[in-house]
2 protein chains.
Amino acid sequence: MPPRSYVSPARSAAAAETRERVIEAASRTLREGESIARFSLDTVAKAAGVTRLTVYNQFGSRRGLLEAVFDEIARHGGLHQLADAMAMADPRAALDRMVEIFCAFWSRDSAVARLHDAMATDPEFAEALRERNERRRRGVTALIDRIAGKGASPQTRKDAVDLIFALTSYPTFALLSTGRSRDEVCRLVQAACRAALAPLINPSS
Amino acid sequence: MPPRSYVSPARSAAAAETRERVIEAASRTLREGESIARFSLDTVAKAAGVTRLTVYNQFGSRRGLLEAVFDEIARHGGLHQLADAMAMADPRAALDRMVEIFCAFWSRDSAVARLHDAMATDPEFAEALRERNERRRRGVTALIDRIAGKGASPQTRKDAVDLIFALTSYPTFALLSTGRSRDEVCRLVQAACRAALAPLINPSS
DNA sequence: AATTAGATATACATAATGTATAGTCAATCC
DNA sequence: GGATTGACTATACATTATGTATATCTAATT
């Protein structure tokens, strides 16, 4: 006979709370730790005041926890502003705004640096993050299509998209951040992205 | 009484040979493995036909082995051509050539991808690789100084240097390599670098 | 009062790095 | 030729992580 099952408001609320506490502890550990190498589920569990097994119950694996942390950061990272940016009348202004939004996102929580490091050791996590980045690529593609003149070949468009995609990526942001404020990086990337648009209109190559 | 010590041509030659064999096995393992996570000294030692302890005797640690692999790749990676490139009369042509040399370098041995992944988990190894990249930065700086007009401010120069440094980095190369041949990536990066030079002469901002 | 979901306690399997100690064997020195 | 030395081996051990298994506890539901 099948065991009767039921949903419990109080229980699932408590579970959700511990889940959030674990995510918070994990992102704090990522922020404060100097390397992803030191990031262990044991440390996180202790910081959250739970057992390591609870982490497994909630997230399934280390990878699951890391994805949950990234999604939590993304939720509060200001990416919802992208909708407004994409709706702007001037696609170049929209691109500038897009760069601004992503610079703010990359610099908001230093845990994102460690999460990108985690891509190196966990291919499936890397794939998961890459999929989340595809949204950025789609946004860039849409803007390029609006900016490009009729004469722009598909290859020229693809080049512009991929170049701007690379310029707005986290690795580029991190490389440019040595000795630069967030705003300074933003202006530099904006200038580079504008320069990358040139081949789309000027048919001189 | 101090133990007498001596140098042994035959022994050090044999040691150098096993050292090379281990490096070769390590880079092969990195190339064939799908992730740095699977890269263990045990695997390398077996592939080289030696004991894991021999690896420790020769390289001290996992990090030491990885550095040795990178240096070996760099030695045969064509970076010596940089001297000729830097000696070119036209600094813009030199920059084009530089981009070419680095695109060839990044694409030559797929083990470099895994080595960059290793930066994520080993901060000291990351630092070691960063130092080796400083040579590229110095080269870019020298070219920018030759290209920049008198009116170019230090900040404008720094911006150009850092931007080109980022454009010629491995992460950028890897990001642009999806669906592009080495030469195509090279041309795209060259164009982006040329565009990054504009603020150096045109004082219109 | 019985049941159930979430969390705990404890143990175990596996894999990796790194250290320690003793032993093997051929090249070198006297 | 015999003692010594350097590279390598064999074996063992300590430590740290991830991930799985099993039994138990507790408070919320039925």
Side-chain angles (χ1 to χ4, degrees), chain A residues 1-23 25-26 29-30 33 35-67 114 117-118 120-125, chain B residues 1-23 25-26 29-30 33 35-67 114 117-118 120-125:
Chain A
M1 49 198 74
R4 74 181 179 205
S5 66
Y6 61 89
V7 287
S8 163
R11 296 226 159 223
S12 44
E17 202 221 321
T18 59
R19 191 184 163 87
E20 281 218 9
R21 214 165 62 238
V22 172
I23 291 177
T29 304
L30 285 171
S35 160
I36 187 74
R38 295 279 176 115
F39 180 83
S40 74
L41 300 194
D42 217 38
T43 310
V44 172
K46 274 170 188 158
V50 296
T51 312
R52 192 165 63 92
L53 273 252
T54 301
V55 180
Y56 277 98
N57 283 339
Q58 282 290 339
F59 304 97
S61 65
R62 173 192 168 92
R63 174 164 47 231
L65 174 58
L66 292 177
E67 287 185 31
R114 303 292 137 69
D117 284 348
T121 50
D122 187 336
E124 299 194 38
F125 178 68
Chain B
M1 50 198 75
R4 71 178 182 208
S5 67
Y6 61 89
V7 286
S8 164
R11 297 224 159 222
S12 43
E17 202 220 320
T18 58
R19 191 186 163 88
E20 281 217 9
R21 214 166 63 239
V22 173
I23 291 176
T29 305
L30 284 170
S35 160
I36 187 75
R38 294 280 176 115
F39 180 83
S40 74
L41 299 195
D42 217 38
T43 311
V44 172
K46 272 169 188 157
V50 297
T51 314
R52 193 164 61 91
L53 273 254
T54 301
V55 181
Y56 277 98
N57 283 339
Q58 282 290 340
F59 303 97
S61 66
R62 174 191 168 92
R63 180 185 317 145
L65 174 60
L66 292 176
E67 288 186 29
R114 303 292 137 69
D117 285 348
T121 50
D122 187 336
E124 299 195 37
F125 178 68

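So you know, we letter chains A, B, ... as the sequences are listed, proteins then strands, and number each from 1.
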Within less than 4.0 Å of OP1 or OP2 of [N], is there a side-chain N or O belonging to [X]?
{"X": "B:Thr18", "N": "D:dC8", "value": "yes"}
{"X": "A:Thr54", "N": "C:dA7", "value": "no"}
{"X": "A:Arg62", "N": "D:dT18", "value": "yes"}

Atom-to-atom span, [atom1] of [X] to [atom2] of [N] - whole angstrom:
{"X": "B:Gln58", "N": "D:dT9", "atom1": "CD", "atom2": "P", "result": "10 Å"}
{"X": "A:Asp42", "N": "D:dG19", "atom1": "CG", "atom2": "P", "result": "13 Å"}
{"X": "A:Tyr56", "N": "C:dT8", "atom1": "OH", "atom2": "P", "result": "15 Å"}
{"X": "B:Asn57", "N": "C:dT19", "atom1": "CG", "atom2": "P", "result": "11 Å"}
{"X": "B:Leu41", "N": "C:dT17", "atom1": "CG", "atom2": "P", "result": "4 Å"}
{"X": "B:Arg38", "N": "C:dA15", "atom1": "CZ", "atom2": "C1'", "result": "11 Å"}
{"X": "A:Leu53", "N": "D:dC25", "atom1": "CG", "atom2": "P", "result": "16 Å"}
{"X": "B:Leu66", "N": "C:dT17", "atom1": "CG", "atom2": "C1'", "result": "13 Å"}

Is there side-chain contact between B:Phe39 and B:Leu65, with at least one heavy-atom pair below 4.5 Å?
yes
Backbone of [Y] reached by a side-chain donor or acceptor of [X] within 3.5 Å:
{"X": "B:Arg38", "Y": "B:Gly33", "result": "no"}
{"X": "B:Thr51", "Y": "B:Thr54", "result": "no"}
{"X": "B:Arg19", "Y": "B:Gln58", "result": "yes"}

Describe the nucleic acid contact of A:Ser12 in one word from base, sugar-phosphate, nothing, applying a heavy-atom distance below 4.0 Å.
nothing
Can you find a donor-acceptor pair, distance only, under 3.5 Å between B:Arg52 side chain and C:dG18 base?
yes
Under 3.5 Å, is there an N or O donor on one side and an acceptor on the other linking the side chain of A:Arg63 and the base of D:dG19?
no
In terms of side-chain heavy atoms of B:Arg11, which of C:dA26, D:dA28, C:dT17 is nearest?
C:dA26
Might you work through the side-chain contact (heavy atoms from CB on, under 4.5 Å) test for B:Tyr56 and B:Leu41, ending with a clear yes or no?
CA-CA 9 Å; B:Tyr56 277 98; B:Leu41 299 195; 3.5 Å; yes
